[in-house]
Undergrad: 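Structure incoming, see below.
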Amino acid sequence: MHIVVDRRPEGLAVVDESGAEALVPAESFAAHVREREAEHPRWVWTDTAQWYPALLRAGVRVERCHDLRLVDAILAGIEGRPPRTEWGKAVPVRANTLFDFDSGQDARTAPSAPDVFAEQRAAIAAQPSPGRTALLAAAESAGALAAAEMEFVGLPWNAEAHHQLLVEALGERPPPGRRPPALERLAGEVEALLDVGPVPIDSPPELVKSLRRAGLDVQSTRSWELKKLDHPAIAPLLQYKSLSRLLTANGWNWLEEWVHDGRFRPTFVPGGVVTGRWASDGGGALQLPKQVRSAVQADAGWALVVADAAQLEPRVLAALSGDAAMAQAGAGVDLYAGIVASGAVESREHAKVGMLGAMYGGTTGVSAQVLPRLARSFPRAIGFVEAAARAGERGERVETRLGRTSPRPGAEWRERQSMASSDGAGEADRARARSESRSWGRFTRNFVVQGTAAEWALSWMAGVRRRLWQPELGPIEQQPHLVFFLHDELMVHAPLDRVDEVQAALHDAAFDAARIVFGATPVTFPVTVAVVQRYSDAK
DNA sequence: CGTGAACGCGCC
DNA sequence: AGGGCGCGTTCACG
């Protein structure tokens with residue numbers, strides 16, 4: 001059953017399946033939703049991030065929704081058109097691409113939510129696999145609900161523990177504009193050991209000059225390049241960079257801006273990445289460094305249940321490609337160990353680097369060396385990503401298992417490809433076009449795996465979310481609830497006496513997710529679950 | 001002076 | 001010489 005929520009000049013309207021409409025005063029909207037939630041409807045609205053937070057603040061939790069904006073973005077991708085822009089949120093429009101629409105429409109001319117919903121249902125029904133597209137729409141929308149709920153409850157964060165770890169690493173907090181003691185000391189050490197005069201350590205170009213003056217042959221100050229050097233100044237320099245990073249990215253300023261009342265509240269952006277992964281906006285939620293994870297702490301009497309899908313992407317590739325040998329290699333909890341046991345490669349490290357290279361398009365080093373052996377043992381899996389890469393190199397689009405499509409390469413890309421294949425093309429033009437072609441191929445190669453992994457993860461999250469919620473236990477924050485999602489990892493904050501059922505939910509939902517995304521598949525998707533007080537104690 | 005690209009690095 | 005991101009800093013540019 002669907003209930004469409006529509007904003008009208010005269011107020012809020014709710015329209016149910018029969019077309020019956022009711023005008024609802026804004027102040028009683030939450031009460032209306034709470035009451036009708038008993039009918040288990042799917043709420044259809046323009047934008048979960050716009051509608052749901054107010055409901056959550058009013059203590060109303062919704063089981064299912066259909067997010068018109070997110071589904072429009074998916075359908076727009078499939079249909080090769082720009083997404084709708086009438087719903088207020090800025091959609092970046094590139095001024096110089098070929099297919100721009102006039103974006104000067106506004107809410108007065110926008111079609112009503114029931115009309116858009118009807119169009120979307122028709123578009124989904126017209127897809128080659130309508131069931132899959134409908135699943136994708138549902139999973140994407142469920143993710144939007146979970147994102148709003150996680151923002152509402154926040155990630156439990158012990159600000160005092162964070163402060164203490166900063167003091168231990170950096171020394172006491174300095175006044176604005178001054179370096180913390182540890183950085184001051186390390187900068188002095190680097191300067192003394194390089195012995196070439198003052199070293200502007202915070203300026204990469206100047207730092208390169210100083211290093212060169214000290215006789216070190218470097219092109220940049222990237223830490224992987226510095227690690228190859230043998231010089232006494234390198235160790236303190238690397239430590240400086242690491243601590244400086246801690247200070248600027250997750251130091252006291254970050255703590256004051258982002259942690260309040262024991263909670264870190266980032267903004268998650270479902271569908272924020274072309275592949276379907278989430279992005280985040282503010283606070284760097286998806287890049288929480290390991291250095292600060294000890295500050296993520298459960299409340300007293302509660303635990304953090306941290307679950308991680310083991311080797312998600314290679315398993316996704318095995319299922320996508322129907323590679324029975326790789327499914328067999330993944331029968332245990334460690335797929336890489338299974339690859340070694342199959343005899344394809346010598347070591348777990350080779351298996352891991354080789355598979356990552358196959359999925360990312362690595363062409364050098366160990367990754368390239370072991371690729372032929374993987375291709376011999378797992379021809380279907382490797383063939384699948386190779387085909388996706390070749391399609392991208394030709395400028396074709398690829399799609400995930402549930403049908404999310406990769407974008408077309410830009411107009412300039414296509415132009416340079418056709419220029420390079422014409423008679424008068426110079427060698428430089430051809431080389432550049434070849435390089436760009438391979439680069440787009442690496443993108444599409446990864447797109448199919450990363451995007452399908454995102455679909456599995458969304459399905460997993462939706463299943464966990466559904467299992468955790470029990471209406472009779474009261475508001476979300478008083479019962480086990482999701483607090484964090486990181487591509488292939490979920491965190492649940494749960495009362496200690498509910499931890500067992502949370503673990504079961506995480507395992508059961510992972511089992512279901514494989515069925516939802518792939519149907520019958522021999523590939524398993526094990527999750528490792530840790531029950532901890534601090535995030536840093538997981539894995 | 002403000003803006004935006006580039007860098008470098010954190011996460012998966 | 002590897003895919004996807006966000007963010008803080010520096011630096012070039014108008």
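Naming convention: chains lettered A, B, ... in sequence-line order (proteins, then strands); numbering from 1 in each chain. Not measured: the values here are computed from a predicted model.
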Undergrad: In this structure, how many angstroms lie between the C1' atom of C:dG6 and the CH2 atom of A:W278, rounded?
TA: 16 Å

Undergrad: Do NZ/NE/NH1/NH2 and the carboxylate oxygens of A:R173 and A:E256 come within less than 4.0 Å?
TA: yes

Undergrad: Starting the side chain at C-beta, find the nucleotide from C:dG6, B:dC12, C:dG3 nearest to A:S439.
TA: C:dG3

Undergrad: Do A:K241 and A:E225 sit within salt-bridge range, that is, some charged N less than 4.0 Å from a carboxylate O?
TA: no

Undergrad: Measuring to OP1 and OP2 of C:dG2, would you say a side-chain N or O of A:R442 lies under 4.0 angstrom away?
TA: no

Undergrad: Contact class for A:W224 (heavy atom, under 4.0 Å): base, sugar-phosphate, or nothing?
TA: sugar-phosphate

Undergrad: Output the rounded distance in Å from CZ (A:R245) to P (C:dT10).
TA: 13 Å

Undergrad: Please give, in whole Å, the distance from B:dC7 P to A:I201 CD1?
TA: 20 Å

Undergrad: In this structure, how many angstroms lie between the C1' atom of B:dG10 and the NE2 atom of A:H487, rounded?
TA: 11 Å

Undergrad: Taking any heavy-atom pair under 4.0 Å as a contact, classify A:D281: base, sugar-phosphate, or nothing.
TA: sugar-phosphate

Undergrad: Salt bridge between A:R315 and A:D488, side-chain N to carboxylate O under 4.0 Å?
TA: no

Undergrad: Figure out the CG/P separation between A:L246 and B:dC9, and round it to whole Å.
TA: 15 Å

Undergrad: Pick base, sugar-phosphate or nothing for A:V449, based on heavy-atom distances below 4.0 Å to the nucleic acid.
TA: nothing

Undergrad: If you look at every strand shown and take non-hydrogen atoms under 4.0 Å, does A:G283 touch a base, only sugar-phosphate, or nothing?
TA: sugar-phosphate

Undergrad: Quick one: does A:R222 reach the base of B:dC7 with a side-chain donor-acceptor pair under 3.5 Å?
TA: no

Undergrad: Is A:R434 paired with A:E427 through a side-chain N to carboxylate O contact shorter than 4.0 Å?
TA: yes

Undergrad: Touch check for A:R438, heavy atoms < 4.0 angstrom, all strands: base, sugar-phosphate only, or nothing?
TA: nothing

Undergrad: Please classify the nucleic acid contact of A:S242 as base, sugar-phosphate, or nothing, using heavy-atom distances under 4.0 Å.
TA: nothing

Undergrad: Tell me which nucleotide among C:dG2, C:dG4, B:dG8 gets nearest to the side chain of A:T221.
TA: B:dG8

Undergrad: Any Lys/Arg nitrogen of A:R81 or A:D72 sitting under 4.0 Å from an Asp/Glu carboxylate oxygen of the other?
TA: yes

Undergrad: Nearest to the side chain of A:D202 - C:dG6, C:dG4, C:dT10?
TA: C:dT10

Undergrad: Mind calculating the distance between CD (A:Q287) and C1' (B:dC9) to the nearest angstrom?
TA: 9 Å

Undergrad: Under the criteria of a ring-centre distance below 5.5 Å and an interplanar angle below 30°, is A:Y360 stacked with the base of C:dG3?
TA: yes

Undergrad: Is the distance from OP1 or OP2 of C:dA1 to the nearest side-chain N or O of A:S435 less than 4.0 Å?
TA: no

Undergrad: Kindly say if A:K290 contacts the phosphate of B:dG10, meaning a side-chain N or O under 4.0 Å from OP1 or OP2.
TA: no

Undergrad: Please confirm whether the shortest side-chain N or O distance from A:T364 to OP1 or OP2 of C:dG2 is below 4.0 Å.
TA: yes

Undergrad: Rounded to whole angstrom units, what separation is found between the CG atom of A:L247 and the P atom of C:dC7?
TA: 18 Å

Undergrad: I want to verify a distance call: between C:dT10, C:dC5, C:dA1, whose nearest atom is closest to the A:T363 side chain?
TA: C:dA1

Undergrad: A:E206 CD to C:dT9 P: how many Å, rounded?
TA: 18 Å

Undergrad: Using a strict cut-off of less than 4.0 Å between a Lys/Arg side-chain nitrogen and an Asp/Glu carboxylate oxygen, indicate whether A:K352 and A:E349 qualify as a salt bridge.
TA: no

Undergrad: Side chain of A:S367, base of C:dG2: donor and acceptor closer than 3.5 Å?
TA: yes

Undergrad: Ignoring backbone atoms, establish whether A:T248 has a side-chain N or O less than 4.0 Å from OP1 or OP2 of C:dT9.
TA: no

Undergrad: Between A:E412 and A:R416, does at least one N-O distance fall below 4.0 Å, as a salt bridge requires?
TA: no

Undergrad: Check every atom of B:dC11, C:dC5, C:dT10 against the side chain of A:P204 and return the nucleotide holding the closest atom.
TA: C:dT10

